[in-house]
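Here is the structure we will look at.
Chain identifiers are assigned alphabetically (A, B, ...) following the order of the sequence lines, protein sequences preceding nucleic acid strands; residue numbering begins at 1 within each chain.
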Amino acid sequence: MSVLERILNGAPGRFTVVALAALLLVGAVLVNAFAPFVWVGIYTYFCVTLMLVLGLELFMGNSGILNWTYIGFVGIGAYSASILSTDPSLKHMGVPNMYPALVNLHLPVVPALLVGALVAAAVAAVIAWPLMRLSDAVGVITLFATLIVIHVLMTQWDNVTNGPRTFFGVQQFTTIWIATGAAILTLVGTHLFRESSLGLRLRASRDDRFAASAMGVSVVRVRYLTFILSSFVAGLGGGLWAHYITSFSPTSFYVGELFVLLTMLVVGGAGSISGAATGAIIITVLREGLRQVESYLNNSGVISFEVYGLTEVVMAMLLIAMLIWRPTGIVGGSEWRLPLRRKQAAAAPSPEPPAEPVLETEAAEEAK
Amino acid sequence: MLTVNDLHASYGAIKALHGVSLEVEEGELVALLGTNGAGKSTTLKSISGVLRPLAGTVRFLGDEITGRKPEAIVKKGLSLVPEGRDIFGSLTVAENLRLGAFSSYERNRYQEDLEEQFALFPILKERFNQPGGQLSGGEQQQLAIARALMSRPKLLMLDEPSLGLSPALVDQIFALIETLRDRGTTILLVEQNAERALEIADRAYVLKNGLIKFSGTPQQLESELDLASVYFGGEEGMGEVTV
């Protein structure tokens, strides 16, 4: 079988991943060669965001559990990597109260990013040990409470994070190429995870926890391992983000930013990689567009008052509308397929009506 | 092969089993009959480890497996096909089958087992890359059984495989169970459709209010017990609320 055939006929989603990766690479080349400088920045930011959304989907999409703490792990990765990679003299200036031991720690950027991701994964390993034993509403509320705890730590522990003030002086390391590369690696990684035995067992537990455990799936274990993996991606993405933005404060790792990621997942469809990627593209374009509209409205004097928060209002309305009318997202739970393959699948109609109407199962999934 | 001794189980405060004892020998097809709420599914859940019994012992192939985790019990070769065709709706047929194979994961065996399931259930080959949720009721039941067979169980426990299927499909499922028995699979079959189950069973137990009320061959059952009384009351205590 040729490579092309294997891509086209492989597991659902393999085609999507290869196509998306190619698209990202072509996009990066084109933007870098022809687009104005601002676009290069937007594209870099988009790639890092895509990586973060995919990391969120890794746990949320496959387990069906809303993961509020995710953005907290992005923050842990961002702070850890930045503290390690920033020059001691700059740190001493920027964060006057920092523990001397931390000030003296200094690593090159790449190991710093990896250590940042490992710190996030280690914290996740400790937190998730009890958390993954909780189920349903209790579990989700506890995850939310954990995000608040992480946030309070970030804003109050000024010996480490500079408190609520801005942490600055981080090197600009994340170029368009690094961001694109990271996004492509995450794309391939999340796909391989989905098809792996761990991913499959986790998806089975999302469909029906009790049936899965009757099949021999240890639900707590598969959730626990995936949560750690997802937090590792969060930490790495956070580090890359910090080394692009170069100065940030704890507000970047709280509910507001999480909702941007969540909106991407909900709009695209949380059940698949295609969904996560579609959502990330649409929301990024929309956000940039709305920002332009907002500044145009404010600068041109078309209206007599200043407009603030247009982006947030539109995002919120979009989120609500999607949840009401299309809770499975634009892509709708399954991966993109070639039109030909979709036709083949449709050409084999079932002799009997399905046991449950498809809409009902979708609604039931949402209810979980 | 399987020996259940004085099994007690409850859902919170409600006791569902009051000392169930039964035995399944290698190669047998044993039917477990009874009304709704008699404790049939509870018995299977307690054996398979999904439900932790309060008291009593379950021995399988000489080892005590009482209260072990379901995954450990599946690995020992005891598979349950749960009631209501618990297949994974968003997973493809292929993925459902792969899940069944995890407990005894060997790559070369996987392909071989898959071919075997295709021979038994040709429809699954056609639907291989479709989500399980898009299959019809009968197809889902076939998938549930095929998935359990992927783990090469030494004992297969089927919980109401004919539930909610059209008469033609019920015939198909029972024919399949016969085929499996003829191939030497040991089966513990829970059924509400007692007549059909007795047609193919070697032995039968009748469960009533969490207790075994009868055990013997189908012929004995038919001569000693009025089947209708098992299902619609008439004997002592039959009018009571069943749990």
(request) Could you list all the side chain to side chain donor-acceptor pair (under 3.5 Å) pairs where at least one residue sits in residues 50-68 of chain B, not counting sequence neighbours? (result) B/Asp63-B/Lys76, B/Glu64-B/Thr66
(request) Name all pairs fulfilling the side chain to side chain donor-acceptor pair (under 3.5 Å) condition that reach into residues 220-229 of chain A, sequence neighbours left out, sorted by first residue then second. (result) none
(request) Can you see which heavy atom on A/Asp207 is nearest to which on B/Phe88, and at what distance? (result) OD2-C, 3.0 Å
(request) Please report the shortest heavy-atom distance between B/Arg98 and A/Ser196, naming the atom on each side. (result) NH2-C, 3.6 Å
(message) Within a 6.0 Å radius of atom CZ on A/Phe210, are there more than 12 heavy atoms belonging to other residues, nucleotides or ligands?
(response) no
(request) Apply side-chain contact (heavy atoms from CB on, under 4.5 Å) to B/Leu99 and A/Arg201, showing your working. (result) CA-CA 7 Å; B/Leu99 264 172; A/Arg201 282 181 287 169; 3.7 Å; yes
(request) Please report the closest heavy-atom contact between A/Arg203 and B/Leu91, naming both atoms and the distance. (result) CB-CD1, 3.7 Å
(request) For residues A/Ser213 and B/Pro70, report the shortest heavy-atom separation together with the two atoms involved. (result) O-CB, 3.1 Å
(message) Are more than 12 heavy atoms, taken from residues, nucleotides or ligands other than B/Glu26, located less than 6.0 Å from that residue's CD atom?
(response) no
